[in-house]
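Chain identifiers are assigned alphabetically (A, B, ...) following the order of the sequence lines, protein sequences preceding nucleic acid strands; residue numbering begins at 1 within each chain. All figures in this text were calculated on a predicted structure; none of them were measured in a lab.
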Amino acid sequence: MSEIITRFPPSPTGYLHIGGARTALFNWLFVKHFGGKLVLRIEDTDAERSTQESVDAIFDALDWLGIDWDDGPHYQSKRLDVYTEHVNKLIESGHAYYCTCTQERLEEMRNKAKAQNQNPMYDRQCRDKGLEKTDGAVVRFKSPLDGNSVIKDVIKGNIVINNTEIDDFIILRSDGSPMYNLACVIDDITMNISHVIRGDDHISNTPKQMMLFTALGVDLPVFGHVPMVLGPDKSRLSKRHGAMSVTEYREMGYTPDALINYLVRLGWSHGDQEFFTRDDLIEKFTLDNIGKSAGIFNPGKLLALNADHIKEASPKSLFPQVMPFMKEKGIDAEEGEHLENIIETLQPRSKTFIEMAEGAEFYYNDEVVFEEKPAKKFLKPNAIEPLTVLAEELKALTQFAESDIEDAFKRVMEKTELKLGKIAQPVRVALTGKAASPGIFEIIDILGRDSVVSRIEKAIKFINAKV
RNA sequence: GUCCCCAUCGUCUAGCCUGGCCCAGGACACCGGCCUUUCACGCCGGCGACAGGGGUUCAAAUCCCCUUGGGGACGCCA
């Protein structure tokens with residue numbers, strides 16, 4: 001088998017959205033699995049809508065996701081001569097012709113057809129006129145009048161379309177720029193694309209593109225149309241369904257590994273496995289297990305997967321991802337063992353990096369702000385004794401490991417005749433200001449003796465001041 | 001409307017190709033419970049689906065047909 005080359009061809013008319021990212025991912029995983037190449041192609045032939053900001057946003061998103069490419073980026077806007085060259089060939093070989101029908105006439109025809117519940121199609125008025133190139137003329141493809149086109153889709157199976165359904169579509173605009181189907185095919189040919197893996201909203205374009213391949217005398221690539229991603233209301237995913245841009249998930253504290261896991265798993269499966277690392281996916285991904293039906297984007301499941309990935313990751317690998325969020329909260333954290341320990345305590349209770357940064361706050365601020373409710377409930381006069389005794393016990397410790405701290409608590413329990421819960425909760429509030437936190441022994445261990453004692457003393461003062 | 005695609009719990013899916021192991025398994029969500037120094041994690045249990053109707057067959061979620069439902073495409077957008 002010849003080399004596998006796929007492509008990801010976004011049009012830079014906006015950010016990289018969830019659906020596009022998924023298509024990119026399928027292509028990327030496919031080539032990673034089989035050792036092929038991925039071509040990145042920017043389809044910017046629509047000068048009106050294409051922007052540099054979009055191009056940058058797409059690169060940024062791809063970079064964050066960790067999707068790299070082997071060839072490109074190629075910009076269609078810079079390849080206009082390649083397209084005109086091929087269009088000229090098509091005209092010479094009788095596969096295309098100039099058309100001077102006005103846009104008004106075309107629109108009129110469309111409206112009329114729709115009014116009569118007919119499929120709107122060009123009536124091929126200029127097909128056999130042998131028109132020469134003139135200002136304002138477009139080039140149309142001379143599509144077959146009979147027979148049918150069969151897409152041998154590796155995902156959907158054979159799809160048969162009657163050629164009478166396909167009209168003489170425009171391949172070159174009156175300004176000389178190529179239309180999507182033309183540019184796409186020429187690029188796929190010149191870039192030696194072996195597999196075209198794209199959203200199934202492109203199925204209707206495929207017969208047209210196949211005709212172009214055939215007219216140019218080139219073998220067809222393998223086509224695979226992946227089902228679309230729909231919103232919760234089953235309509236095409238759009239902004240009103242919430243976060244659509246890939247990078248919004250970065251801002252919401254998601255790890256790209258979770259997004260990738262979620263997106264691939266939406267429409268693809270490997271038995272009952274739900275959790276996949278990147279390497280896992282590369283190892284197991286093939287086109288064989290892609291489903292045929294559209295899937296609904298479920299933010300809840302993505303969140304759950306994000307929590308799983310945070311839980312499973314090594315604390316160190318999380319540094320660069322959480323630190324920006326910590327910084328935003330005014331936490332000036334340093335990479336190292338201390339941060340590693342902190343993250344470890346937060347991993348099982350953080351669904352996002354935003355939550356993790358919030359959970360980390362108390363570690364970095366000795367001036368604990370007591371939340372009203374827990375303070376009222378636990379920082380009461382009867383907490384003074386256990387707090388005082390604990391402070392003394394901690395001061396007396398010669399070793400300050402978690403087990404030593406636990407022993408200290410046991411002695412406090414004996415001396416005060418209180419259950420652990422009665423001691424731990426006031427201490428927790430004293431140390432964190434909150435009623436919920438990681439385990440009390442581990443946070444004492446991480447905070448260190450000086451900080452803990454000082455916080456406890458401040459809490460005692462707080463209680464006394466209240467009385 | 002025309003053409004095309006699709007159809008298993010609310011959602012993502014396993015099973016379907018190569019009928020029997022499926023009165024349908026897993027995951028998210030939800031509801032109970034356990035664990036426990038809090039919150040989580042974890043663990044256990046519950047809820048919950050083969051769209052409908054015809055065939056074929058000893059046997060159908062699995063094969064065939066029809067209906068219904070949903071989606072997509074119908075641009076000098078990509």
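- Residues that satisfy the side-chain hydrogen bond (donor to acceptor under 3.5 Å, both in side chains) test with A:Arg140, not counting sequence neighbours, are absent from this structure.
- Between the CG atom of A:Asp46 and the P atom of B:G75 there is a distance of 15 Å, given to the nearest Å.
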Polar atoms only, N or O, under 3.5 Å: list the protein pairs with nucleotides 41-47 of chain B and their distances.
residue : atom : partner  : partner atom : Å
B:C41   : O3'  : A:Lys311 : NZ           : 3.3

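- With sequence neighbours left out, A:Phe213 forms a ring-ring contact (aromatic ring centres under 6.0 Å, His included) with no residue at all.
- Within a 6.0 Å sphere centred on CD of A:Glu340, other residues, nucleotides and ligands contribute more than 12 heavy atoms.
- Comparing A:Leu106 and A:Asp233 by the nucleotide of RNA chain B that holds the closest heavy atom to each, the one mapping nearer the 5' end is A:Asp233.
- For B:C39, its base never sits under 3.5 Å from the side chain of A:Ser437 at any donor and acceptor pair.
- In this structure, B:A73 and B:U2 make a Watson-Crick or G-U wobble pair, each of the two defining distances being under 3.5 angstrom.
- With both pairing distances under 3.5 Å, B:C17 is matched to nothing as a Watson-Crick or G-U wobble pair.
- With hydrogens and angles left out, the side chain of A:Asn205 and the base of B:A73 share no donor-acceptor pair within 3.5 Å.
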*Can you give one letter per nucleotide of nucleotides 5-20 of chain B, 5' to 3': B if a protein heavy atom sits under 4.0 Å from the base, S if only from the sugar-phosphate, - if neither?*
SSS---BBSS------

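- Nucleotides of RNA chain B nearest to A:Ala304 and A:Arg140 differ in position, and the one nearer the 5' end is that of A:Ala304.
- Taking atom P in both B:G19 and B:C58, one finds a spacing of 15 Å when rounded to whole Å.
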Between protein and nucleotides 62-69 of chain B, what N or O pairs are separated by less than 3.5 Å?
none

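- Across the strands present, B:C28 finds its partner in B:G10; the criterion is a Watson-Crick or G-U wobble pair with both atom distances under 3.5 angstrom.
- Remark: the separation of the P atoms in B:C17 and B:C63 is 5 Å, to the nearest Å.
- A:Phe409 is linked by a ring-ring contact (aromatic ring centres under 6.0 Å, His included) to A:Phe441, counting only residues two or more places apart in sequence or in another chain.
- Separation of the C1' atoms belonging to B:G52 and B:A7 is 12 Å when rounded to the nearest angstrom.
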